[in-house]
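Okay, so here's the structure we're looking at.
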Amino acid sequence: ADALLAEAERRHHDDALRTTDVHEPLTIACRALEETARLTPLGRWATQRYLRRLLDVRIRLELHRRAEPAVEEERITAPVFVVGAPRTGTTVLHRLLAADPAHRVPEGWEFTLPLPPPEPATHDTDPRIAAATDELVFPQSVTVGLRSIHTYSARMPKECLSAMAFSLRTEELISRYHVPAYAGWLHQADKGPAYAIHRLVLQVLQQRMPTRRWVLKSPVHLQSLPELLAAYPDARFVVTHRDPVPVLASVSSLVATLRSAFSDHVDPLAIGRYHLDLYGRSLDRLVDHAETDLLPPGRTVHVRHADLLDDPVRVVRTVYDQLGMPHDPAIDTAVHAELATARDDEAGAHRYDPADFGLDPATVAATFERYRTRFLGES
């Protein structure tokens with residue numbers, strides 16, 4: 001960690017990172033990567049590149065905030081967050097909401113290399129698109145089967161955890177690597193700094209572009225909804241729901257495949273246990289949040305995965321109606337056009353078996369009984 005920080009400071013001729021809180025999470029992450037991630041030589045190279053980028057962007061964010069303090073006056077008004085466990089339809093719903101030209105959705109390159117602030121005239125030809133592509137497609141380039149589960153590219157919508165990564169407090173590290181010490185630390189850590197950086201990144205991206213409503217997405221928000229609301233008090237929420245048995249098996253398959261890009265030693269049973277524990281706790285808290293109105297009823301829409309598959313256009317209309325957002329026929333047209341476009345990640349069927357990850361369906365059903373009763377009408 002010290003060597004990476006010193007190297008970043010030398011590259012930028014500034015010690016701005018010394019006044020931030022990145023040292024503790026970086027130290028814990030580096031130690032865990034050395035001790036438990038069992039990286040291949042290629043995985044080690046890719047991980048060093050990843051950490052260097054995070055530190056480079058973070059120091060540039062600090063320098064930009066110092067040079068242009070007005071960036072923090074940019075207002076992020078009533079953003080919409082698509083949340084829910086992974087593999088519940090968050091990605092497709094995010095894309096459908098992105099079809100509305102009144103919405104702004106962060107693209108892969110923007111959450112990878114956000115500085116300098118994008119300009120309208122060059123947004124679609126920015127050289128950072130090509131620069132970000134290499135890192136974003138690396139896992140699927142070296143891992144068989146990843147594209148059938150989920151793809152990554154510079155022009156696709158990007159999840160919030162990538163912006164939060166500049167705080168070094170991110171589940172992005174846990175998805176890529178077996179780092180239980182870092183995971184344990186992260187789940188107890190204050191998520192406020194991660195959301196502060198997330199907000200700053202949005203402000204930077206908005207600084208010179210037309211102001212539109214941000215539509216954002218990530219399952220990680222389930223673990224820290226109070227911190228999200230502290231950062232975005234007027235946030236709107238679209239919460240997706242699906243039977244936890246296929247959810248846990250699918251996300252465990254995704255993480256196991258992703259980790260194999262960096263290590264030859266992937267433990268599917270440990271991955272299954274981790275997700276059973278993680279979402280057992282977070283979805284139980286989601287029931288608490290719904291019962292205590294932490295998620296404001298007038299600003300929250302609940303969507304079932306089955307309904308999204310059955311009639312996505314009707315689901316999108318329901319989201320607009322319940323969130324009080326203007327809706328006109330042009331939005332339906334845009335949604336239909338998005339649905340007609342071949343998915344970039346349609347590269348064969350994603351096949352998975354809960355047993356491969358030690359997930360017994362009866363145990364999973366019992367663990368999530370309260371959640372299933374509340375949101376899926378099951379018991």
Side-chain angles (χ1 to χ4, degrees), residues 77-108 124 147-153 155-160 210-219 221-222 234-244 246-247 250-251 254 283 286 290 295-350 371-372 374-378:
T77 304
V80 175
F81 287 87
V82 180
V83 301
R87 323 307 289 174
T88 60
T90 55
T91 297
V92 65
L93 188 51
H94 192 211
R95 290 184 183 182
L96 297 181
L97 294 174
D100 185 342
H103 290 161
R104 175 89 184 273
V105 173
E107 296 185 1
D124 293 338
R147 288 194 70 246
S148 68
I149 308 174
H150 192 69
T151 55
Y152 308 84
S153 80
R155 297 308 307 270
M156 289 175 63
K158 197 78 170 79
E159 288 195 19
C160 295
T211 301
R212 298 173 183 164
R213 184 195 298 273
W214 284 98
V215 178
L216 305 148
K217 169 248 180 178
S218 186
H221 299 310
L222 285 175
D234 59 350
R236 274 66 173 154
F237 296 94
V238 184
V239 189
T240 55
H241 303 282
R242 185 184 181 189
D243 175 12
V247 165
S250 182
V251 69
L254 168 60
L283 292 180
L286 181 62
L295 294 178
R299 300 190 341 236
T300 305
V301 184
H302 294 278
V303 173
R304 294 188 185 189
H305 182 258
D307 294 334
L308 184 60
L309 293 179
D310 182 57
D311 193 343
V313 176
R314 180 174 57 82
V315 166
V316 171
R317 287 180 191 152
T318 299
V319 168
Y320 276 77
D321 290 344
Q322 293 192 20
L323 294 183
M325 300 190 306
H327 183 279
D328 59 52
I331 295 173
D332 284 349
T333 301
V335 170
H336 278 293
E338 176 63 25
L339 288 168
T341 302
R343 287 176 51 207
D344 289 337
D345 57 341
E346 200 165 294
H350 174 205
Y371 165 79
R372 292 166 56 240
R374 176 67 175 79
F375 292 113
L376 298 175
E378 302 172 359

- Message: The test is side chain to side chain contact (heavy atoms under 4.5 Å, CB included); show your working for L93 and T91 and say whether it passes.
- Response: CA-CA 6 Å; L93 188 51; T91 297; over 6 Å; no

- Between R242 and T88, a side-chain donor and acceptor under 3.5 Å: no

Close side-chain approach of [X] to [Y], heavy-atom, < 4.5 Å:
{"X": "V80", "Y": "M325", "result": "yes"}
{"X": "P312", "Y": "V92", "result": "no"}
{"X": "E107", "Y": "P157", "result": "no"}
{"X": "T318", "Y": "V303", "result": "no"}
{"X": "R236", "Y": "T300", "result": "no"}
{"X": "D332", "Y": "H327", "result": "yes"}
{"X": "R104", "Y": "P210", "result": "no"}

Gap between atom [atom2] of [Y] and atom [atom1] of [X] - 0.5 Å precision:
{"X": "R317", "Y": "I331", "atom1": "CZ", "atom2": "CD1", "answer": "10.5 Å"}
{"X": "T90", "Y": "R95", "atom1": "OG1", "atom2": "CZ", "answer": "10.5 Å"}
{"X": "E338", "Y": "L97", "atom1": "CD", "atom2": "CG", "answer": "10.5 Å"}
{"X": "F237", "Y": "R299", "atom1": "CZ", "atom2": "CZ", "answer": "7.0 Å"}
{"X": "W214", "Y": "T77", "atom1": "CH2", "atom2": "OG1", "answer": "12.5 Å"}
{"X": "T240", "Y": "L308", "atom1": "OG1", "atom2": "CG", "answer": "8.5 Å"}

- CA sep, side-chain torsions, deciding dist, call: L216, V105, side chain to side chain contact (heavy atoms under 4.5 Å, CB included): CA-CA 6 Å; L216 305 148; V105 173; over 6 Å; no

- Message: Looking at R213 and D100, is there a salt bridge between them, counting it only when a charged N and a carboxylate O are closer than 4.0 Å?
- Response: no

- Query: Taking the six-membered ring for Trp, are Y371 and H241 parallel (under 30°), tilted (30 to 60°) or perpendicular (over 60°)?
  - Reply: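 Rings of Y371 and H241: tilted, 30 to 60°.
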
- Task: Please assess V238 against V215 for the test side chain to side chain contact (heavy atoms under 4.5 Å, CB included), listing each intermediate value before the final yes or no.
- Result: CA-CA 10 Å; V238 184; V215 178; over 6 Å; no

- Task: Apply side chain to side chain contact (heavy atoms under 4.5 Å, CB included) to the pair F375 and V239, showing each step before the final yes or no.
- Result: CA-CA 10 Å; F375 292 113; V239 189; over 6 Å; no

